[in-house]
Number of protein chains: 4
Amino acid sequence: MSELETIQAYYAASLGKDGQITKTQRKILSAALALFAEKSYEEVGTREIADRAGVAEGTLFHNFTNKNGILKAIMQPIVQHILPMMLNTLDQATLDEDSQTLDMFIVSLVADRVAFVERNRASLEVILSQFFNNAEDRAAVLGMVSPEVLTQANQVMDRLKADGELVDWPNHMILQLLFSTLGGYLVEKVLYADLDVYDNQQTVHYLSDFLVNGLSPRRMPLQVD
Amino acid sequence: MSELETIQAYYAASLGKDGQITKTQRKILSAALALFAEKSYEEVGTREIADRAGVAEGTLFHNFTNKNGILKAIMQPIVQHILPMMLNTLDQATLDEDSQTLDMFIVSLVADRVAFVERNRASLEVILSQFFNNAEDRAAVLGMVSPEVLTQANQVMDRLKADGELVDWPNHMILQLLFSTLGGYLVEKVLYADLDVYDNQQTVHYLSDFLVNGLSPRRMPLQVD
Amino acid sequence: MSELETIQAYYAASLGKDGQITKTQRKILSAALALFAEKSYEEVGTREIADRAGVAEGTLFHNFTNKNGILKAIMQPIVQHILPMMLNTLDQATLDEDSQTLDMFIVSLVADRVAFVERNRASLEVILSQFFNNAEDRAAVLGMVSPEVLTQANQVMDRLKADGELVDWPNHMILQLLFSTLGGYLVEKVLYADLDVYDNQQTVHYLSDFLVNGLSPRRMPLQVD
Amino acid sequence: MSELETIQAYYAASLGKDGQITKTQRKILSAALALFAEKSYEEVGTREIADRAGVAEGTLFHNFTNKNGILKAIMQPIVQHILPMMLNTLDQATLDEDSQTLDMFIVSLVADRVAFVERNRASLEVILSQFFNNAEDRAAVLGMVSPEVLTQANQVMDRLKADGELVDWPNHMILQLLFSTLGGYLVEKVLYADLDVYDNQQTVHYLSDFLVNGLSPRRMPLQVD
DNA sequence: TATGAATGAGATTTCATTCAT
DNA sequence: GATGAATGAAATCTCATTCAT
């Protein structure tokens with residue numbers, strides 16, 4: 001949970017010489033992030049970004065190579081950290097204790113994700129939009145799932161199955177259901193920032209409980225004809 | 001399941017005078033659909049559509065008011081039918097029998113959705129992309145959920161809860177989990193058309209079982225601290 | 001001498017589908033040629049070309065891929081024909097008669113070149129300018145001298161030397177002197193279109209005579225210390 | 001031959017207050033000269049010059065009024081000295097002795113030019129390029145030929161003609177042929193710096209011999225029909 | 001109905017130049 | 001004197017749309 005700082009904190013790493021982000025760059029990124037979240041990347045013009053940031057249009061290109069460079073600077077930190085982070089927790093779970101149950105594993109996983117979404121709504125909205133609109137960006141996001149991490153995830157799932165903690169379905173399907181549940185929460189949160197009906201603790205409870213029950217081993221499998 | 005025809009079938013209704021769709025219009029819509037699915041709406045030019053359709057650029061504007069009109073013609077039938085359809089099944093479920101269980105309800109719901117996604121991959125890819133990229137289109141899609149339908153859905157859920165068939169969580173959260181699971185499947189299917197690992201029957205089984213178990217009433221709720 | 005038509009005649013080959021050059025394209029090329037000759041390629045804007053041609057700026061790009069495409073369309077016919085043409089005459093000279101003298105060879109060579117320059121002053125001005133300013137264009141022009149043609153030229157010179165018609169210097173140097181004399185005439189003509197002091201016949205006489213005497217075998221070589 | 005120093009030596013005169021050129025200015029001019037020779041004036045940006053010179057972009061404008069000021073500083077010394085120099089030799093020739101022959105006159109003329117080109121290849125490449133690309137710069141170069149010098153040149157030619165040393169053609173044409181031969185050598189040298197086939201002494205011999213024979217009085221004029 | 005040349009507003013990007021530090 | 005971030009005008013090019021044929 002220590003790694004769940006705000007995305008803004010990562011800007012520094014990808015910009016400026018010594019990890020320093022200048023005031024101007026912050027103004028530009030902030031304006032661009034707001035606009036990209038309001039509309040879409042394609043619908044926002046560089047003029048508009050410059051105006052909102054209170055700088056000249058040329059200044060954008062003095063600080064970023066491209067209009068696309070601005071987008072990258074917004075996405076990069078998330079793309080470079082969100083998935084590793086999500087999968088790092090998996091790692092933790094593996095190492096912690098052999099006797100770990102599905103409960104504990106899923107609860108900690110969900111809690112981290114919920115907190116992260118909560119803190120980075122705007123950036124995630126941009127990423128989400130790009131993910132579905134731009135094949136290249138999609139590839140970038142998905143490319144973060146390294147083979148090793150997948151192997152690790154599979155090991156965790158296999159162990160949980162062997163321990164009788166996890167339903168005996170293909171790992172691929174289990175992952176899909178896990179991502180669906182978290183992704184659905186993300187979408188809800190990102191698109192309806194306004195209506196914050198439930199508090200986070202409640203949300204963590206619902207999502208975790210749903211996943212644990214949905215993925216626990218069955219006594220009697222359901223019959224489909 | 002009777003309503004699960006291909007989207008293309010709806011084109012006629014939204015075009016031409018008397019529900020007739022001309023050969024030219026079909027060529028254009030078909031080319032545009034393929035291109036919008038390959039890239040994104042913004043990245044596809046009218047020149048490109050005309051080329052692929054084998055007509056002149058001007059012809060596009062004789063048959064559709066706008067470039068956007070082409071997109072609408074592609075989305076409209078889905079947007080006007082998919083959600084009503086999804087909620088119609090809810091309706092069916094309500095009316096059928098009082099003694100219905102969560103099992104039966106969810107299985108039929110999932111089966112219909114899976115079959116529909118299977119048949120309309122390309123169109124759904126376009127809609128999905130637009131949904132996350134264009135606030136207006138998103139509103140259009142979401143606007144389809146009429147208050148009456150929501151009322152209906154709530155009634156079903158309330159009845160299932162009263163019958164001890166459904167976990168006693170807020171209806172809003174239950175719907176979110178339902179849509180997440182189906183949406184996750186949609187995304188997987190739409191983005192990875194290539195890798196068709198599991199057959200549909202299997203998929204219906206996994207999704208349904210996951211939902212039924214996840215949404216069944218608990219004997220002992222999970223503890224979160 | 002039959003090939004010395006105006007450059008404009010070659011435009012057709014490099015444009016339009018069936019060798020047809022449209023009215024609009026002619027207007028654009030004509031305006032661009034005039035402007036490129038007045039100023040330089042870099043100093044002429046597309047707006048300016050469009051204005052002078054009496055068309056919209058977009059029309060330029062409807063008819064040519066690039067601003068550079070316009071330049072190419074102006075240069076291409078010359079580059080593709082001028083050097084082959086110049087060297088064709090060499091070919092003629094070789095084939096015509098064995099008994100040919102340096103006199104006859106040079107006179108026909110010079111006469112053709114002079115007529116050609118006379119007719120295509122503006123286009124040649126553009127080419128000349130590009131030749132000295134753009135490495136790529138220079139390569140294009142020089143690339144026209146195919147190895148075969150060089151071989152041919154060398155054969156002619158070797159034969160003339162053997163016949164005692166040509167000074168016994170390296171072929172490379174003889175070619176340089178030939179091109180210098182013709183090139184100097186070209187520059188003079190192109191840069192000072194106004195002052196047409198001498199008529200063409202006179203010019204042909206001076207250049208030819210200078211070359212013949214300069215390149216005839218020596219009785220007594222000049223001493224340099 | 002005493003005046004054939006390197007162009008760099010003239011920089012001092014046109015810069016700084018008292019003919020002093022600072023270290024920074026030298027760095028800038030050196031970088032700019034290299035770049036202008038590699039590409040063309042228009043294609044080289046101030047950023048690029050600054051980078052190559054190892055100074056800040058702003059420093060360029062502290063030392064030169066303009067980007068164009070840098071170009072001028074490079075060209076000025078040549079333009080202000082090369083032509084005067086070339087014509088000075090004419091002057092020398094005139095004054096030296098009455099009994100001078102065409103031979104001796106041309107040999108000394110050519111030898112000086114060849115040595116000069118040899119030493120100032122890069123600067124001359126820039127000038128050559130500008131000469132054909134920029135009307136203003138061309139005027140500047142040509143403007144250096146003062147009427148007096150022309151008069152002087154004409155006197156030399158007239159005397160040589162009277163002495164039966166020079167062919168009886170218009171002086172204008174004789175000058176053109178002289179410049180063509182030297183200019184052709186310049187172009188060859190400047191554009192193909194790499195392939196240095198012949199040594200200078202040989203080159204001087206060829207060029208001089210060619211000019212002397214080409215410009216000696218004829219016994220029997222060539223017939224053109 | 002279909003065509004495709006023409007349009008012109010608008011988008012991104014470059015670049016010489018300024019100026020506060 | 002030197003710096004380099006900021007500037008904004010101008011340049012090239014794209015693209016949905018119109019309209020005469």
Side-chain angles (χ1 to χ4, degrees), chain A residues 16-17 22-25 27-28 42-51 53-70, chain B residues 22-25 27-28 41-51 53-70, chain C residues 16-17 22-25 27-28 42-50 53-70, chain D residues 22-25 27-28 42-51 53-70:
Chain A
K17 334 213 160 182
T22 68
K23 206 170 174 179
T24 305
Q25 283 166 340
K27 277 195 295 183
I28 292 171
E42 315 262 359
E43 282 166 333
V44 176
T46 50
R47 173 93 71 114
E48 206 174 356
I49 298 174
D51 282 353
V55 300
E57 213 170 346
T59 304
L60 299 190
F61 297 90
H62 188 70
N63 284 277
F64 301 88
T65 44
N66 256 353
K67 179 189 171 192
N68 200 47
I70 300 177
Chain B
T22 68
K23 207 169 172 179
T24 305
Q25 284 166 340
K27 278 195 295 184
I28 293 171
Y41 174 71
E42 314 265 359
E43 281 167 333
V44 176
T46 50
R47 172 95 75 117
E48 207 174 357
I49 298 174
D51 281 354
V55 300
E57 218 174 341
T59 305
L60 300 190
F61 296 89
H62 262 279
N63 286 275
F64 302 88
T65 46
N66 252 346
K67 180 192 173 190
N68 202 47
I70 300 177
Chain C
K17 333 214 161 187
T22 67
K23 208 171 174 180
T24 306
Q25 283 167 340
K27 278 195 295 182
I28 293 171
E42 315 261 358
E43 282 167 333
V44 176
T46 51
R47 173 92 72 114
E48 206 173 357
I49 298 174
V55 300
E57 214 171 347
T59 303
L60 300 190
F61 298 90
H62 188 70
N63 284 278
F64 302 88
T65 44
N66 258 351
K67 179 190 171 190
N68 201 47
I70 300 177
Chain D
T22 67
K23 207 171 173 180
T24 305
Q25 283 166 338
K27 279 195 294 183
I28 293 171
E42 314 264 359
E43 281 167 334
V44 176
T46 49
R47 172 97 74 116
E48 206 174 357
I49 299 173
D51 280 355
V55 300
E57 219 174 340
T59 305
L60 301 189
F61 296 88
H62 263 279
N63 287 276
F64 302 87
T65 47
N66 252 349
K67 179 191 173 191
N68 201 46
I70 299 176

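Quantities reported herein were computed from a predicted structural model and do not represent experimental measurements. To find a chain, count down the sequence lines: A is the first, B the second, and so on, and within it residues start at 1.
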Whole angstrom value for the distance that separates C1' of E:dA9 from CZ of C:Arg47:
11 Å
Any A:Asn63 side-chain nitrogen or oxygen under 4.0 Å from OP1 or OP2 of F:dA5
no
Rounded distance [0.5 Å steps], OG1 in C:Thr59 versus CZ in C:Phe64
11.0 Å
Spacing of OG1 belonging to D:Thr22 relative to NE2 belonging to D:His62, to within rounding of 0.5 Å:
12.5 Å
Looking at F:dA5, which nucleotide sits across from it as a Watson-Crick or G-U wobble partner, both distances under 3.5 angstrom, or is there none?
E:dT18
Gap between atoms CG and C1', on B:Leu60 and E:dA5 respectively (whole Å):
15 Å
Establish, with yes or no, whether the OP1 or OP2 oxygen of F:dT17 is under 4.0 angstrom from a side-chain nitrogen or oxygen of B:Asn66.
yes
Separation of atom CD1 in B:Ile28 from atom C1' in E:dT3, rounded to whole Å:
12 Å
If you find the nucleotide of DNA chain F closest to C:Lys67 and the one closest to A:Thr24, which residue's nucleotide is nearer the 5' end?
A:Thr24
Please state how far atom NZ in D:Lys23 lies from atom P in F:dA2, giving the value in whole angstrom units.
11 Å
Ignoring hydrogens and angles, are the base of E:dT7 and the side chain of C:His62 linked by a donor-acceptor pair under 3.5 Å?
no
Which distance, rounded to the nearest 0.5 Å, do you find between the CG of D:Leu60 and the CD1 of D:Ile28?
5.0 Å
Report the nucleotide, chosen from E:dT7, E:dT3, F:dT17, that has the shortest atom-to-atom distance to any side-chain atom of C:Thr59.
E:dT7
Counting side-chain heavy atoms from C-beta on, which of E:dT3, E:dT12, F:dT17 comes nearest to A:Phe61?
E:dT12
Can you tell me how far P of F:dA10 sits from CD of C:Glu42, to the nearest Å?
18 Å
Return the value, rounded to whole Å, for the distance between atom CZ of B:Phe64 and atom P of E:dT1.
13 Å
Who does F:dA10 pair with, Watson-Crick or G-U, both distances under 3.5 Å?
E:dT13
For B:Glu43 and C:Glu57, take the nucleotide of DNA chain F holding the closest heavy atom to each; which residue's nucleotide lies nearer the 5' end?
C:Glu57
Which residue lies toward the 5' end of DNA chain E, B:Val55 or C:Gly54, if each is placed at its nearest nucleotide?
B:Val55
Distance in Å, C:Ile70 CD1 paired with C:Gln25 CD, rounded so as to fall on 0.5 Å steps
10.5 Å
Spacing of A:Asn68 atom CG relative to E:dA11 atom C1', expressed in whole Å:
15 Å
Looking at B:Thr46, I'd like to know whether one of its side-chain N or O atoms comes within less than 4.0 Å of OP1 or OP2 on F:dC15.
no
Need one value for D:Gly45: base, sugar-phosphate or nothing, where a base atom within 4.0 Å counts as base even if backbone is also close, heavy atoms only.
sugar-phosphate
Between atom CD of D:Glu48 and atom CD of D:Glu57, what is the distance when rounded to the nearest 0.5 Å?
11.0 Å
